[in-house]
Asks: 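Below is one structure. I have some questions about it.
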Amino acid sequence: MVVIMKRAFTPEELQAAIQTMEEGGVQVMVSKGSETTILGAEGNAAGIDQEKLSLLPGVDRVMRVSEPYKKANRKYHPDNTAVDLGGGALVGDQRLAVIAGPCSVEGEDQIVGIAQAVQHSGAAALRGGAYKPRTSPYAFQGLAQEGIKLLQEAKAATGLPIVTEIMSTDNIEMFEMCVDVIQVGARNMQNFDLLKQLGKTSKPILLKRGLSSTIEEWLMSAEYIMAGGNTQVILCERGIRTFETFTRNTLDLSAVLAVKQLSHLPVVVDPSHACGKAWMVERMSLAAIAAGADGLIVEVHNDPKNALCDGAQSITPDDFDHLMRQLKVLAPCVGRSL
Ligand code: PEP
Ligand code: MN
C-alpha cells in the first residue's frame, strides 16, 4: 500500500497517517520529495483500514499495490494446485477433467442413463442439480433430497464422483456426507455466509463466477472459502452479463488466462451456461481448452427438448461423445491429455 500526502500537511497530520498504518500492522517508509511525500507500507497491509486512512486530513490518496487475496494468489503459491474431484480424478494437473451431466436430476432412469453414457465417453465426474436456483418461483425447483439420492445411485452405477449445487447453509452437513464436489452457483458467488461455512468443510468447492462479477471479486470469493481452511477450490468461468443478447451470457475466455496468471487454482469453463445454445457448446469447449482451461463442465441431456431445465443448451450423449473425441485431438496441441 502506498499513501500520497497532500501538497501541504502538518507534522501532526503526517504522524496521524503513519500511526494509522502502523496500527494496521505494517512498517512505514517515508519518502520526502520536493513536491510529494509518499508513505510506503512494508508487510501485510490487510489490517489497515483503508477508508479511515484516506479520510485523514493530510492524506491525498491511498493506493493498493498488491492484490487483496493471499491464499488464492499465485505470488504466494507459485505451483499449480490440483484438486481431487473424488476417487483420484484430478482437475488442475496435465490431464484435462471434463464434468458432464444434466442441468437437473429428473428421475432415476434419466440420471443413471446419462451417467453411464458420459462415463463411457470419458467424463471424470457427473454433474446434476437437485436444488435449482430458478429465476421464476413457478419453474421446476429440483428434486431436492430425492435428487441427491438419485445422484448417489448414479455414482454407485458408474463410480463417477458427483458435483451438485448448494443453495443454503442448512444443507452443508448433508452435502458433506453425500456429494463429492459442492458447486456454488453464479447467483451465490457472493453469498459470504455460505462461502464462510464452506470454508470449514472437507469437500472441494466448484466456485462459479457471478453473473456480473469482476475477476478480483471472484478471487475474493475463493479467498473467503480458503480463509476458512478449505483450500480445494475450483474456479468456473460460466459467462458474464454484457449488452449482447444473442447468447445467454458472454463467455469471457480472457478471464481464464487472467485467473491462471493471478491464481494457482484450477479453472474450468462451462460453455453451456455461457452460450445458452447447444450448437455452440463443442466449439466453445475447444476454444476454452485452447485458452488454457483445466477442464469443462458441460450440460448433457438424453432428451434436451423435454428437459425440465436448460434444454436449449444441453447437448445429447452422442454430441458429448463427439466433443470428447475432438478434445482428444486438441489436447496434445496444448500440452494436455484427456
Ligand atoms: C447450473 O450449473 O445449472 C447453474 C445454475 O449454473 P450457474 O450458476 O452458472 O447459472
Ligand atoms: Mn443449468
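For the numbers below, each heavy atom of this structure counts, side chains included, while hydrogens, waters and symmetry mates do not. Read the numbers this way: they start at 1 and go in the same order the structure lists the ligands and their atoms.
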Asks: Using a 4.0 Å cutoff against the non-hydrogen atoms of E299, which atoms of ligand 1 qualify?
Replies: 3 (O)
Asks: Using only heavy-atom distances, determine whether the side chains of E176 and S202 contain a donor-acceptor pair under 3.5 Å.
Replies: yes
Asks: Checking S314 side chain against H301 main chain: does a donor-acceptor pair fall under 3.5 Å?
Replies: no
Asks: Take the Mn ion (ligand 2) as the vertex and measure to SG of C103 and OD2 of D310; round to 10°.
Replies: 100°
Asks: Under 4.0 Å from a heavy atom of G185: give me the atoms of ligand 1 that qualify, with their elements.
Replies: 8 (O)
Asks: Any salt bridge linking E217 with R209? Criterion: basic side-chain nitrogen under 4.0 Å from a carboxylate oxygen.
Replies: no
Asks: Is the closest N or O pair between K132 and ligand 1 shorter than 3.5 Å?
Replies: yes
Asks: Considering only non-hydrogen protein atoms, determine which one is nearest to atom 4 (C) of ligand 1 and report residue, atom name and distance to 0.1 Å.
Replies: H273 NE2, 3.4 Å
Asks: Please determine if R238 and D252 form a salt bridge, counting it only when a charged side-chain N lies under 4.0 Å from a carboxylate O.
Replies: no
Asks: Under 4.0 Å between a side-chain nitrogen and a carboxylate oxygen: does that hold for R7 and E35?
Replies: yes
Asks: Please determine if D180 and K155 form a salt bridge, counting it only when a charged side-chain N lies under 4.0 Å from a carboxylate O.
Replies: yes
Asks: Number the atoms of ligand 1 from 1 as they appear, then name those within less than 4.0 Å of a heavy atom of C103, with their elements.
Replies: 3 (O)
Asks: Counting from 1, what ligand 1 atoms have a heavy atom of R238 closer than 4.0 Å?
Replies: 7 (P), 9 (O), 10 (O)
Asks: Yes or no on side chain to side chain donor-acceptor pair (under 3.5 Å) for D319 and T316, after CA distance, side-chain angles and deciding distance?
Replies: CA-CA 5 Å; D319 295 335; T316 63; 3.1 Å; yes
Asks: Is any NZ, NE, NH1 or NH2 atom of the basic residue among E13 and K6 found under 4.0 Å from an Asp or Glu carboxylate oxygen of the other?
Replies: no
Asks: Which protein heavy atom lies closest to atom 2 (O) of ligand 1, and at what distance to 0.1 Å?
Replies: R127 NH1, 2.8 Å
Asks: Closer than 2.8 Å to the Mn ion (ligand 2): does that hold for any N, O or S atom in H273?
Replies: yes
Asks: So is E165 in contact with ligand 1, going by heavy-atom distances below 4.0 Å?
Replies: yes
Asks: Centre of F246's six-membered ring, under 6.0 Å away, within 45 degrees of the axis: is that where NZ or CZ of K277 sits?
Replies: yes
Asks: How close does the nearest protein non-hydrogen atom get to atom 8 (O) of ligand 1, and which residue and atom is it?
Replies: A186 N, 2.8 Å
Asks: Show which atoms of ligand 1 fall inside a sub-4.0 Å distance from at least one heavy-atom site of Q183.
Replies: 1 (C), 2 (O)
Asks: In terms of side-chain geometry, is the basic nitrogen of R74 or D79 positioned less than 4.0 Å from the acidic oxygen of its partner?
Replies: no
Asks: Mind checking whether D310 has an N or O less than 3.5 Å away from an N or O of ligand 1?
Replies: no
Asks: List the closest protein heavy-atom neighbour of atom 6 (O) of ligand 1: residue, atom name, distance to the nearest 0.1 Å.
Replies: K208 NZ, 3.0 Å
Asks: For the Mn ion (ligand 2), find the closest N/O/S atom on E299 and give its atom name.
Replies: OE2
